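Read through the structure below, which is laid out as structure tokens, and then see the notes.
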Protein chains: 4
Amino acid sequence: MAETTLKKIEFSLDPKSGVPFYKQIILQVEMAIADGRILTGEQLPTVRSLAVDLSINPNTVARAYNELEIRGIVNTQQGTGTFISGKKTKLDEIERERVLAGITQSFIIKAGSYGFSIAELIEYLKGIEAHMEEKK
Amino acid sequence: MAETTLKKIEFSLDPKSGVPFYKQIILQVEMAIADGRILTGEQLPTVRSLAVDLSINPNTVARAYNELEIRGIVNTQQGTGTFISGKKTKLDEIERERVLAGITQSFIIKAGSYGFSIAELIEYLKGIEAHMEEKK
Amino acid sequence: MAETTLKKIEFSLDPKSGVPFYKQIILQVEMAIADGRILTGEQLPTVRSLAVDLSINPNTVARAYNELEIRGIVNTQQGTGTFISGKKTKLDEIERERVLAGITQSFIIKAGSYGFSIAELIEYLKGIEAHMEEKK
Amino acid sequence: MAETTLKKIEFSLDPKSGVPFYKQIILQVEMAIADGRILTGEQLPTVRSLAVDLSINPNTVARAYNELEIRGIVNTQQGTGTFISGKKTKLDEIERERVLAGITQSFIIKAGSYGFSIAELIEYLKGIEAHMEEKK
DNA sequence: GTGGTCTAGACCACA
DNA sequence: GTGGTCTAGACCACT
């Protein structure tokens with residue numbers, strides 16, 4: 001069996017998690033984009049092929065892709081396929097900082113309501129970062 | 001009726017998380033007990049006041065308290081309030097980690113969509129932490 | 001038959017238009033918001049009732065509402081209903097002008113590719129404006 | 001081969017409109033003929049050049065040209081190009097209005113979501129129109 | 001072969 | 001009662 005050079009997202013579903021299938025797919029695509037396993041312009045598996053892979057209904061995959069499209073994360077071309085869009089959300093530095101402040105604040109508040117301290121959050125993020133370096 | 005000094009849990013709800021409100025409340029109470037932010041015998045906010053605080057239906061708060069009572073984590077005294085019972089909640093490290101993993105994941109994805117790397121997030125959090133230390 | 005004081009969106013579908021049902025519903029909600037026939041916080045018809053009204057499958061209505069939710073136009077609370085969200089997109093004047101310039105430019109280009117002059121566009125918009133005044 | 005002075009139609013595609021690319025091309029050709037921007041005997045861009053211009057699959061352009069030929073609106077001469085035939089296209093006022101209604105509607109909705117009223121849009125367009133008059 | 005739309009119907013979870 | 005998820009399957013449109 002020849003190895004292919006194509007990086008692929010390894011999709012997998014956990015039926016016991018309680019998280020809906022289509023959300024698990026969305027999350028996995030988002031994560032793959034976030035850590036560079038899939039790049040702008042690359043094609044996602046076709047609706048049907050992914051449905052077969054995961055042994056689920058094509059409609060469920062389509063729903064996930066559809067939501068990703070609405071959010072502007074992928075572009076879809078009928079008869080061609082589904083592709084990661086180049087949505088860059090480019091902002092100037094000031095705006096960037098303002099956005100970061102906003103989402104970080106809600107992260108801290110939410111985490112805080114579960115009793116996590118900022119120090120713990122930092123440690124946890126470091127763990128993730130290390131984990132990702134490793135994979136590279 | 002003597003006034004008690006209520007140490008308050010800071011509740012917060014995330015409607016977008018997909019986690020039902022009542023479960024978010026339960027989790028937050030359990031976590032608060034698990035790490036000692038609230039102690040045996042202490043009173044939880046009343047159903048109505050918490051409902052107002054969170055702008056949700058009192059039934060939803062009642063459902064959360066009800067489930068906590070079923071599990072033996074709180075005692076409800078008609079006309080008086082809801083109090084933490086002595087029973088140790090079984091929230092272990094694994095559960096804690098799962099919660100943290102969930103909220104951190106969405107934080108990373110959201111920040112990532114604005115182009116922030118995990119390293120940047122860590123730096124930013126460190127800045128906030130330092131800032132808060134100072135204030136102490 | 002007593003008249004009710006509730007302003008309602010009058011939904012209607014045109015099966016011959018070629019426009020998918022769910023998109024027609026989305027458009028009608030958007031238009032109703034755009035010209036103030038429905039306000040922030042108001043509830044949309046329930047999925048099932050609208051489905052009956054329009055004699056279509058509830059899934060189709062749900063799909064429309066779902067897309068509106070993803071776009072942040074409505075908020076949905078399980079077991080409660082679907083409500084117009086207060087998404088204000090408030091920007092300062094400069095940013096506002098920049099946004100307006102952008103969307104107007106693409107409007108002009110697109111219209112231009114079909115041979116419409118700016119004067120024609122202005123006339124057409126005036127017509128719409130007059131039409132809406134009338135309805136008030 | 002003599003160079004011809006190609007009066008070019010300014011094609012533009014909107015992937016989000018839901019209107020298939022090939023139909024957008026057909027419409028734009030028809031509209032251009034209808035209002036005299038392109039005349040009988042004039043040449044359309046080649047399939048390949050237009051495909052490159054619009055960054056789409058040549059098959060899609062070919063399909064559009066093909067349908068135009070079937071309708072007798074253009075003649076294709078193997079190895080030479082595609083030319084406007086003498087046949088008057090039947091685009092009437094109603095069709096024109098329908099196209100205009102479509103693109104104007106999405107313009108209004110998009111602008112409306114940023115809080116712009118139709119009156120404001122008209123004012124802004126007037127400003128642009130005046131600006132362009134000046135330049136002449 | 002690609003995605004898009006719609007239906008019918010089941011089952012679940014929340015308020 | 002509300003909305004949410006998933007399946008099965010049909011039919012359509014675009015490349």
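Note that this is a predicted model, so its numbers are computed, not measured. Letters A, B, ... are given to chains in the order of the sequence lines, protein chains preceding strands, and every chain is numbered from 1.
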Nearest atoms (heavy-atom pairs only) where B:P45 meets B:F11: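 Scanning both residues, the minimum pair turns out to be CG-CE1, 3.9 Å.
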Closest non-hydrogen atom pair between A:Y65 and A:V74, with its separation: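 A:Y65 and A:V74 have their closest heavy atoms at O-CG2, 3.9 Å.
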Annotated structure of DNA chain F as dot-bracket, pair cut-off 3.5 Å, Watson-Crick or G-U only, | for inter-strand, is ||||||||||||||.
Side-chain ion pair, B:E67 and B:R71, N-O less than 4.0 Å: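 Salt bridge present between B:E67 and B:R71.
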Closest nucleotide of DNA chain F for A:T80 versus for C:G81: which of these residues is on the 5' side?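 The answer here is C:G81.
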So, taking the atom named [atom1] in [X] and the one named [atom2] in [Y], what distance separates them when rounded to the nearest 0.5 Å?
| X | Y | atom1 | atom2 | value |
| --- | --- | --- | --- | --- |
| C:T80 | B:N57 | OG1 | CG | 7.0 Å |
| B:Q24 | A:S113 | CD | OG | 8.0 Å |
| A:F116 | B:E97 | CZ | CD | 8.5 Å |

Between which nucleotides of DNA chain E, read 5' to 3', does contact with chain B run, using atoms under 4.0 Å from its heavy atoms?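 First and last nucleotides in contact are E:dC14 to E:dA15.
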Strand-adjacent residues in residues 56-68 of chain B, judged by heavy atoms under 4.0 Å from DNA chain E: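 Going residue by residue through residues 56-68 of chain B, the ones with a heavy atom under 4.0 Å of DNA chain E turn out to be B:N57, B:T60, B:R63.
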Go through residues 44-53 of chain A and report each residue with a non-hydrogen atom lying under 4.0 Å from DNA chain E, sorted by number.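 Heavy-atom contacts with DNA chain E come from A:T46, A:V47, A:R48.
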Out of B:I33, B:V29, B:N75, B:I84, which residue meets the side chain to side chain contact (heavy atoms under 4.5 Å, CB included) rule with B:L68?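 The single option meeting the side chain to side chain contact (heavy atoms under 4.5 Å, CB included) with B:L68 is B:V29.
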Reference residue A:L44; test side chain to side chain contact (heavy atoms under 4.5 Å, CB included); the match among A:T76, A:V61, A:L50, A:I38: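 It is A:I38; the other options fail the test.
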Checking B:E69 now: which residues fulfil salt bridge (Lys or Arg N to Asp or Glu O under 4.0 Å) with it, not counting sequence neighbours?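 Salt bridge (Lys or Arg N to Asp or Glu O under 4.0 Å) check on B:E69 returns nothing, list empty.
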Residue list, salt bridge (Lys or Arg N to Asp or Glu O under 4.0 Å) with A:K110, at least two apart or on another chain: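 Only B:D14 meet the salt bridge (Lys or Arg N to Asp or Glu O under 4.0 Å) criterion with A:K110.
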Would D:I109 and C:L27 count as a side-chain contact (heavy atoms from CB on, under 4.5 Å) if you check the C-alpha gap in whole Å, the side-chain angles of each, and the deciding distance to 0.1 Å? CA-CA 9 Å; D:I109 288 176; C:L27 260 176; 3.3 Å; yes
Is the shortest heavy-atom distance from the side chain of A:Y114 to the side chain of B:E30 under 4.5 Å?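 No, their side chains stay 4.5 Å or more apart.
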